[in-house]
Amino acid sequence: MDIKNATFVISNTNVNKCPQEQLPEYAFIGRSNVGKSSLINMLTNNKNLAKTSNKPGKTQLINHFIINKTWFLVDLPGYGYAKVSKKARSKFQDIIYDYFSKRLQLVCTFVLIDSRHRPQKIDLEFMQFLGEHSIPFCIIFTKTDKLSKTQIQKNITIYKKEMLQYWETMPTYFTSSSVTCSGKNDILNFINKVNNDLNTK
Ligand code: GTP
Ligand code: MG
């Protein structure tokens, strides 16, 4: 699938003010700095669409982007950033919680995990939360340009082993790099397939 058109629509702290259109929506979530905004830019071929930064805590709002006029990509604040104040952290958490518990248009969530790291409690708990709310999700292992192919496979094997302690099967997963654009086709083809399945229902 080609992205012909990607346009910023609106930023919000309040899920009730998000776009009312009944279009399928795909959200990107994960720890601060994991590469959510960069991945959105990579997928849409637009380096300036979502704001990125090397400092964690850049994205602070729910950001809707409309793609090919038919579906939404959503950039969210990251979780787990220790350096913001407790008050700010709990505000982000409220926004995220509200978004995931109320947003009916949400079709699938991409949980981004830094491919370099061992499984972290905060990500495992977040996926648990999604499971408890029956929210479908996939994993994307990010920043793979920073590792060798062997190391990526090794880390994914460790991750799978950890996931299988809590889940019956490993969720669908992808690897990505916003630097080399690896993973782009796989992720966009997946979204395309889900959109097509929804249309034929
Ligand atoms: P918050 O909005 O703060 O939650 O962060 P985020 O998850 O949106 O991360 P963002 O896309 O802003 O990227 C954080 C930093 O990681 C930036 O310096 C990016 O350039 C860098 N980065 C993101 N993706 C990749 C990648 O695939 N490879 C490499 N090498 N760096 C990346
Ligand atoms: Mg961001």
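Please read these numbers as outputs of a predicted model, since none were measured by experiment.
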Legend entry - Short side-chain donor-acceptor distance under 3.5 Å, S37 and D75: yes
Legend entry - Atom pair CG/OG1 of N155 and T150 - distance to nearest 0.5 Å: 10.5 Å
Inset, instruction - Indicate the atoms forming the closest heavy-atom contact of R103 with C18, along with that distance. - result: NH1-CB, 3.4 Å
Inset, instruction - For residues E162 and L124, determine if any side-chain heavy atom of one lies less than 4.5 Å from a side-chain heavy atom of the other. - result: yes
Legend entry - Heavy-atom side-chain proximity of I158 to P119 below 4.5 angstrom: yes
Inset, instruction - Can you measure from OH (Y173) to OH (Y159) and round to the nearest 0.5 angstrom? - result: 13.0 Å
Legend entry - Co-membership, hydrophobic cluster, residues I122 and F141, 4.5 Å side-chain: yes
Inset, instruction - Step by step, work out the side-chain contact (heavy atoms from CB on, under 4.5 Å) result for Y99 and L106. - result: CA-CA 9 Å; Y99 174 81; L106 182 63; 3.6 Å; yes
Inset, instruction - Say whether V111 and I95 are linked into one hydrophobic cluster, either directly or through other cluster members, by side-chain heavy-atom distances under 4.5 angstrom. - result: yes
Inset, instruction - Looking only at non-hydrogen atoms, find the nearest pair between Q60 and P77 and report the distance. - result: C-CG, 3.7 Å
Inset, instruction - Find out whether F110 and I40 are in side-chain contact, i.e. whether some heavy atom of one side chain is under 4.5 Å from a heavy atom of the other. - result: no
Legend entry - Sub-6.0 Å ring centroid separation between Y26 and F190: no
Legend entry - Separation between NZ of K47 and CG of L49, rounded to the nearest 0.5 Å: 12.5 Å
Inset, instruction - Mind running side-chain contact (heavy atoms from CB on, under 4.5 Å) on V74 and N63 for me, showing each step along the way? - result: CA-CA 5 Å; V74 180; N63 298 289; 5.9 Å; no
Inset, instruction - Using the rule that two of Ile, Leu, Val, Met, Phe, Trp, Tyr join whenever any of their side-chain heavy atoms come within less than 4.5 Å, decide whether M127 and L76 are in one cluster. - result: yes
Inset, instruction - For a side-chain hydrogen bond (donor to acceptor under 3.5 Å, both in side chains) with D145, tell me which candidate from S182, S115, S177, S176 qualifies. - result: S177
Legend entry - CE on M42 to OG1 on T52, rounded to 0.5 Å: 13.5 Å
Inset, instruction - State, to 0.1 Å, how close C138 and C108 come at their nearest heavy-atom pair, and which atoms those are. - result: SG-SG, 3.9 Å
Legend entry - Partner of D123 under side chain to side chain contact (heavy atoms under 4.5 Å, CB included), chosen from I139, V34, I113: I113
Inset, instruction - Would you kindly confirm whether I140 and L43 end up in one hydrophobic cluster when ILVMFWY residues are joined by side chain heavy atoms under 4.5 Å apart? - result: yes
Legend entry - Minimum heavy-atom distance between F72 and P19, given as atom pair plus value: CZ-CB, 3.6 Å
Legend entry - Gap separating the CG atom of N41 from the CZ atom of F65, nearest 0.5 angstrom: 7.0 Å
Inset, instruction - For residues I156 and T175, report the shortest heavy-atom separation together with the two atoms involved. - result: CD1-CG2, 3.5 Å
Legend entry - Those residues that, when tested against E21, pass side-chain hydrogen bond (donor to acceptor under 3.5 Å, both in side chains) (two or more places apart): none
Inset, instruction - Output all residues satisfying side-chain hydrogen bond (donor to acceptor under 3.5 Å, both in side chains) with S101, sequence neighbours left out; order by chain, then residue number. - result: none
Legend entry - Worked verdict on F126 versus F100 for side-chain contact (heavy atoms from CB on, under 4.5 Å): CA-CA 11 Å; F126 191 80; F100 283 105; 3.6 Å; yes
Legend entry - Non-hydrogen atoms of K55 and S53 that approach each other most closely: N-OG, 2.8 Å
Legend entry - N14 side chain vs N16 backbone, donor-acceptor pair below 3.5 Å: yes
Inset, instruction - Output the distance between atom CZ (F28) and atom CD1 (I187), rounded to the nearest 0.5 Å. - result: 6.5 Å
Inset, instruction - Could you check whether the rings of F129 and Y97 sit parallel, tilted or perpendicular, using 30° and 60° as the cut-offs? - result: tilted
Inset, instruction - Measure the shortest side-chain to side-chain distance between R31 and L112 over non-hydrogen atoms and say whether it is less than 4.5 angstrom. - result: no
Inset, instruction - Show your reasoning for whether side-chain contact (heavy atoms from CB on, under 4.5 Å) applies to I96 and I29. - result: CA-CA 9 Å; I96 294 169; I29 188 72; 3.9 Å; yes
Legend entry - Short side-chain to backbone donor-acceptor contact, N5 and I67, under 3.5 Å: no
Legend entry - Same apolar cluster (I L V M F W Y, side chains within < 4.5 Å links), W167/I135: yes
